[in-house]
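The sequence lines fix the lettering, A, B, ..., with proteins before strands; numbering per chain opens at 1. Computed from heavy atoms alone, side chains included, the values below leave out hydrogens, waters and symmetry copies.
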Number of protein chains: 2
Amino acid sequence: MTVWDRPEPPTRPVPLDRERIVAAAVALADEGGLEAVSVRKVAARLNAGPMRLYGYISTKQELFDLMVDEVQAEILPEEQPDDWREALRVLAHRTRQAALRHEWLADLLGGRPTLGPHGLAVTEATLAALDGLADIDTVMRAVETVSAYVTGAIRREIANLRAERATGLSKLDWQRASGPHVTSMLASGRFPALAKAVYDGTDVDAETSFATGLDWVLDAVAAKLTRPPA
Amino acid sequence: MTVWDRPEPPTRPVPLDRERIVAAAVALADEGGLEAVSVRKVAARLNAGPMRLYGYISTKQELFDLMVDEVQAEILPEEQPDDWREALRVLAHRTRQAALRHEWLADLLGGRPTLGPHGLAVTEATLAALDGLADIDTVMRAVETVSAYVTGAIRREIANLRAERATGLSKLDWQRASGPHVTSMLASGRFPALAKAVYDGTDVDAETSFATGLDWVLDAVAAKLTRPPA
DNA sequence: TCGAACGGAAATACAGTGTATCGCCATGAG
DNA sequence: CTCATGGCGATACACTGTATTTCCGTTCGA
């Protein structure tokens, strides 16, 4: 039995870096949601033992932070429109699209301050869009407000999307979808305005809803900006 | 061996109901955050075995749903103001206060459709505030927009609050707090607008920030409402 | 050239999780 | 008094995040 007969020994441990770890984690989350991301599974996908990862992160939460920052890279457009309003709109829509590509992002959005390079870059871009159009405090308030709306709207959209997927029914069949419960609640007469909304409201698609609310918020921002800066 | 010598037999199992289960879960979450809520610990607090709970809920997620609905009961004011704007403001601020009392609410807010009785009641109250002031679709858009803002703003506030608590430093010391990283990032010149905001912006307290953004959003709503309904 | 020290990866270990299943026992019916 | 039933606890399982220990290949010093 010479060397030549024997197969090569199992490959030396694959060199790791954060990039590869995060990519594996993102892939897992894209396939099975955040709950499919476990240290063991991420490591397995990289042919490594679980503990190996703890040389690159010190906690699973940090892995999530890295994942968020990673997909935030998809948010920044190649070039920013000059018009502040258009710039903010693009950022918002790209955030939404990122969340639709990576639904787990909705679970993490707004959950922790985004201090990673791409997260900072997104914040920078948002601030830059309004830079000089008002005093700094107004700009900060504007950024906070728009971001809060975007976060909240995306979260709700994904939540509804999952609910529809789980029941297999469309939002229009909302009350029937949730079983007798909501139906009877609405029939109880205790929620007249809600009942009217469900029965008489035309259900608009999610993107339109997002865009409409966003426009309203941008209107509000515009109103504050036009007041001359200090 | 008379009756008097013998101890009482082990107490009969405590009767359970959802209310007590949810109350125990909420208490645990208030003390140690959402992660402190485990089926075993909730059950232990009720002198019951873990599996006992599965007669009342079928999944831990359902327990969370019940918890959210429970604290949503705290949101509804005794009586609604007549002015729609004041009504929405009150609802928003009470939601925020509930989240400050139960910080874990921020983790759940917007995560799933709120179909519980109190959740529906909150939605009803929100819709009712605007009922009749515009066509139904406009009203729905308005409710969605305001809710999205409230959700997002509360989430960010709690996230920042936790971050400050973890580093033990105030938001003003943000860049120093996060260690050399943010400091060097800001110094790098790659984020001029951000740097300006951090250094020149006056940091306003969270409540004011919340209220300001809310007012802006309400301004936007007002602008749409004044356009006569169809 | 041998030995020892070192560094990093892997294996093991632990305490805990959500939930399915099983077996028992106290209660009520006949 | 016996038997069936229903609900409860105990047990079990697969899995989690992470600390610790064990081991081995490499590199350096003598």
Whole-Å gap separating [atom2] ([N]) and [atom1] ([X]):
X: B:Ile21; N: C:dG18; atom1: CD1; atom2: P; answer: 14 Å
X: A:Arg52; N: C:dG7; atom1: CZ; atom2: P; answer: 17 Å
X: B:Leu28; N: C:dG18; atom1: CG; atom2: C1'; answer: 16 Å
X: B:Leu53; N: C:dG18; atom1: CG; atom2: P; answer: 10 Å

* Asked: Between A:Glu78 and A:Arg94, is there a salt bridge with N-O shorter than 4.0 Å?
  ->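 Yes, charged N to carboxylate O under 4.0 Å.
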
* **Residues A:Arg96 and A:Glu157 bridged, charged N to O under 4.0 Å** =>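 The answer is yes: the pair qualifies as a salt bridge.
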
* Asked: Which pairs pass salt bridge (charged side-chain N to carboxylate O under 4.0 Å, His left out) with one or both residues in residues 16-34 of chain A, sequence neighbours excluded?
  ->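 Matches after skipping sequence neighbours: A:Glu31-A:Arg45.
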
* To do: Determine, step by step, whether A:Arg165 and A:Glu103 satisfy the salt bridge (Lys or Arg N to Asp or Glu O under 4.0 Å) criterion, reporting the C-alpha distance in whole Å, the side-chain angles of both residues, the deciding distance to 0.1 Å, and the verdict.
  => CA-CA 13 Å; A:Arg165 199 179 285 152; A:Glu103 284 183 20; 2.7 Å; yes

* Residue pair B:His118 / B:Glu74, side-chain donor-acceptor N/O under 3.5 Å ->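 No, no side-chain donor-acceptor contact under 3.5 Å.
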
Please list each protein N or O that sits under 3.5 Å from an N or O in nucleotides 16-19 of chain D, with the distance.
{"residue": "D:dT16", "atom": "OP1", "partner": "A:Ser38", "partner atom": "OG", "Å": "3.0"}
{"residue": "D:dG17", "atom": "OP1", "partner": "A:Val39", "partner atom": "N", "Å": "3.3"}
{"residue": "D:dG17", "atom": "OP1", "partner": "A:Lys60", "partner atom": "NZ", "Å": "2.6"}
{"residue": "D:dG17", "atom": "OP2", "partner": "A:Val39", "partner atom": "N", "Å": "2.9"}
{"residue": "D:dG17", "atom": "N7", "partner": "A:Arg40", "partner atom": "NH1", "Å": "2.5"}
{"residue": "D:dG17", "atom": "O6", "partner": "A:Arg40", "partner atom": "NH2", "Å": "2.8"}
{"residue": "D:dT18", "atom": "OP1", "partner": "A:Thr59", "partner atom": "OG1", "Å": "3.2"}
{"residue": "D:dT18", "atom": "OP2", "partner": "A:Tyr54", "partner atom": "OH", "Å": "2.5"}
{"residue": "D:dT18", "atom": "OP2", "partner": "A:Lys60", "partner atom": "N", "Å": "2.9"}
{"residue": "D:dT18", "atom": "O5'", "partner": "A:Tyr54", "partner atom": "OH", "Å": "3.2"}
{"residue": "D:dT18", "atom": "O4", "partner": "A:Arg40", "partner atom": "NH2", "Å": "3.3"}

* What do you reckon, is CD of B:Glu207 surrounded by more than 12 foreign heavy atoms closer than 6.0 Å? ->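 Not buried by this count: 12 neighbours or fewer within 6.0 Å.
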
